[in-house]
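Written below as structure tokens is the structure these notes are about.
Here is how names work: the chains are called A, B, and so on, in the same order as the sequence lines, proteins then strands, and each is numbered from 1. Small disclaimer: the values here were computed from a predicted structure and weren't measured.
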Number of protein chains: 2
Amino acid sequence: MKIGNLARLTGLSVHTIRYYEKIGLLPDASRDAGGRRQYGMEIASWLTFLKHLKATGMGISDMVRYAQLRAEGPHTATARREMLEARQQTVLRQIEDLQATLPVLDQKINFYRDMEKAHVMEAEHATDTSKIPRIRQSGKRP
Amino acid sequence: MKIGNLARLTGLSVHTIRYYEKIGLLPDASRDAGGRRQYGMEIASWLTFLKHLKATGMGISDMVRYAQLRAEGPHTATARREMLEARQQTVLRQIEDLQATLPVLDQKINFYRDMEKAHVMEAEHATDTSKIPRIRQSGKRP
DNA sequence: GCTTGACCTAGAGTGCACTCTAACACTTAG
DNA sequence: CTAAGTGTTAGAGTGCACTCTAGGTCAAGC
């Protein structure tokens, strides 16, 4: 597989794949006769896993560290497991932090709803629409 | 309240507060006789709300837009509510995305656990420790 | 034979959100 | 009176993660 193909497959840009190789996230690719990078499927799954790590908020430098451990062989299994367990914890904390923002947003949204209602009532009063019966909209009219 | 005090109160740096003013996240502060910024408590709660917006992943430019709407007055209530509702949706999506990474991490962690177990067993076999009874550690010994 | 398109390199540029520097002004405690 | 501390400005610098440019090579189809 050539680099453009891998890019299409993974959703990364060709530029990004070369950049990942340069910083050590990908092993130096083998080359064809013309010097072009040749990839196998295992690189696609490695990139997919990297995308998952990225989705956890892991930074490039940690991902490089993980890639180095992986390259060192099976005796780094424990170190890698510990990195992933640490990630688990940060993901859980991130979820908590995001969840904590929801009530804040909710409260403000309701505050604005009240503001809008008051604004409408004020307008109604100002133009004396209080005696004009409100039109009830029920169901959909296309 | 002077800027250093506000910084301590909100956990932001003095630099950041001035930067926020420059880009329009904070109204231009009133100054004392010596030209120093003077703040009231309402700025502290505004900054706290901005921190919540930041925690939702909102970028600076959107926060500036929100601040501008706020400065324009109550007739922008609807626009502001819509911004916050959009935020709600992105927060929910972010939570989902993070939750989706958890099984991936779990799987890999278990994979490494198995790898570690296999590694230990291999080592035991190599050094023929199979007949040496394992020491059971129960409770704590300081 | 020539054009097209995919690939190559080194290195420069981008956008975000700060973060810091230099050089100076003012206030307050000892 | 002076030193420490806090404030001021314009503008430069930082770190991250790409993203793009210039100038080239190479293979395949017409």
Side-chain angles (χ1 to χ4, degrees), chain A residues 1-40 43-44 46-68 87 90 94 97 101, chain B residues 1-40 43-44 46-68 87 90 94 97 101:
Chain A
M1 196 184 351
K2 277 176 283 164
I3 196 168
N5 205 207
L6 181 63
R8 254 159 272 139
L9 202 67
T10 58
L12 296 167
S13 79
V14 170
H15 290 306
T16 302
I17 293 171
R18 281 197 284 251
Y19 164 70
Y20 278 5
E21 180 181 306
K22 188 164 66 182
I23 63 173
L25 270 187
L26 296 180
D28 287 7
S30 53
R31 306 299 182 109
D32 68 8
R36 290 188 213 82
R37 291 170 178 82
Q38 279 296 329
Y39 294 104
I43 290 293
W46 171 234
L47 280 175
T48 303
F49 182 63
L50 285 180
K51 284 180 83 173
H52 282 301
L53 284 187
K54 220 173 108 57
T56 70
M58 189 185 266
I60 287 276
S61 56
D62 276 3
M63 283 172 20
V64 169
R65 167 115 191 87
Y66 185 91
Q68 282 168 347
R87 264 301 103 188
T90 75
Q94 287 178 75
D97 289 351
T101 69
Chain B
M1 195 184 352
K2 276 175 283 165
I3 197 169
N5 204 207
L6 181 64
R8 255 159 271 141
L9 202 67
T10 57
L12 295 168
S13 80
V14 170
H15 290 306
T16 302
I17 293 171
R18 280 197 284 252
Y19 164 71
Y20 278 6
E21 180 180 307
K22 189 164 63 182
I23 62 173
L25 271 187
L26 296 180
D28 287 7
S30 53
R31 305 300 182 108
D32 70 6
R36 290 188 213 82
R37 290 170 179 82
Q38 280 297 328
Y39 294 104
I43 290 292
W46 171 233
L47 279 175
T48 303
F49 181 63
L50 285 181
K51 283 180 83 173
H52 283 300
L53 284 187
K54 219 173 108 57
T56 70
M58 188 184 267
I60 288 277
S61 56
D62 276 4
M63 284 173 21
V64 170
R65 168 115 189 88
Y66 185 91
Q68 281 169 347
R87 264 301 102 188
T90 75
Q94 287 178 77
D97 289 351
T101 70

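By the side-chain hydrogen bond (donor to acceptor under 3.5 Å, both in side chains) test, A:Thr90 pairs with A:Arg87, sequence neighbours left out. In this structure, the side-chain hydrogen bond (donor to acceptor under 3.5 Å, both in side chains) partners of A:Asp97, at least two apart in sequence or on a different chain, are A:Arg93.
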N/O donor to acceptor pairs below 3.5 angstrom from side-chain atoms of residues 26-39 of chain A, sequence neighbours left out:
| residue | atom | partner | partner atom | Å |
| --- | --- | --- | --- | --- |
| A:Arg31 | NH1 | A:Gly35 | O | 2.8 |
| A:Asp32 | OD1 | A:Gly34 | N | 2.9 |
| A:Asp32 | OD1 | A:Gly35 | N | 3.1 |
| A:Asp32 | OD1 | A:Arg36 | N | 2.8 |
| A:Asp32 | OD2 | A:Arg36 | NH1 | 3.4 |
| A:Arg37 | NE | A:Glu21 | OE1 | 3.0 |
| A:Gln38 | OE1 | A:Met1 | N | 3.4 |

Considering only distance and modelled atom types, tabulate donor-acceptor pairs under 3.5 Å from the side chains of residues 52-67 of chain B, sequence neighbours left out.
| residue | atom | partner | partner atom | Å |
| --- | --- | --- | --- | --- |
| B:Thr56 | OG1 | B:Leu53 | O | 2.5 |
| B:Thr56 | OG1 | B:Met58 | N | 3.4 |
| B:Tyr66 | OH | A:Tyr112 | OH | 2.6 |

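Between atom CD1 of residue A:Ile17 and atom CG of residue A:Leu47 there is a gap of 6.0 Å, rounded to the nearest 0.5 Å. Rounding to the nearest 0.5 Å places CD1 of A:Ile3 at 13.0 Å from CG of A:Leu9.
Of the residues in residues 19-32 of chain B, those with a non-hydrogen atom less than 4.0 angstrom from any atom of DNA chain C are B:Tyr19, B:Tyr20. Of the residues in residues 1-10 of chain A, none has a non-hydrogen atom less than 4.0 angstrom from any atom of DNA chain D. Non-hydrogen atoms lying under 4.0 Å from DNA chain C are contributed by B:Lys54, B:Gly59, all within residues 48-59 of chain B.
Chain B approaches DNA chain C within less than 4.0 angstrom (heavy atoms of the protein), and the contacting nucleotides run 5' to 3' from C:dA17 to C:dT27.
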Notebook entry, point to check: What is the per-nucleotide protein-contact pattern of nucleotides 20-30 of chain D, from the 5' end, where B denotes a base atom under 4.0 Å from a protein heavy atom, S denotes such proximity for sugar-phosphate atoms only, and - denotes neither?
Noted result: BB----BS---
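Sorted by first and then second residue, the pairs that involve residues 10-20 of chain B and meet side chain to side chain donor-acceptor pair (under 3.5 Å), not counting sequence neighbours, are B:Ser13-B:Thr16.
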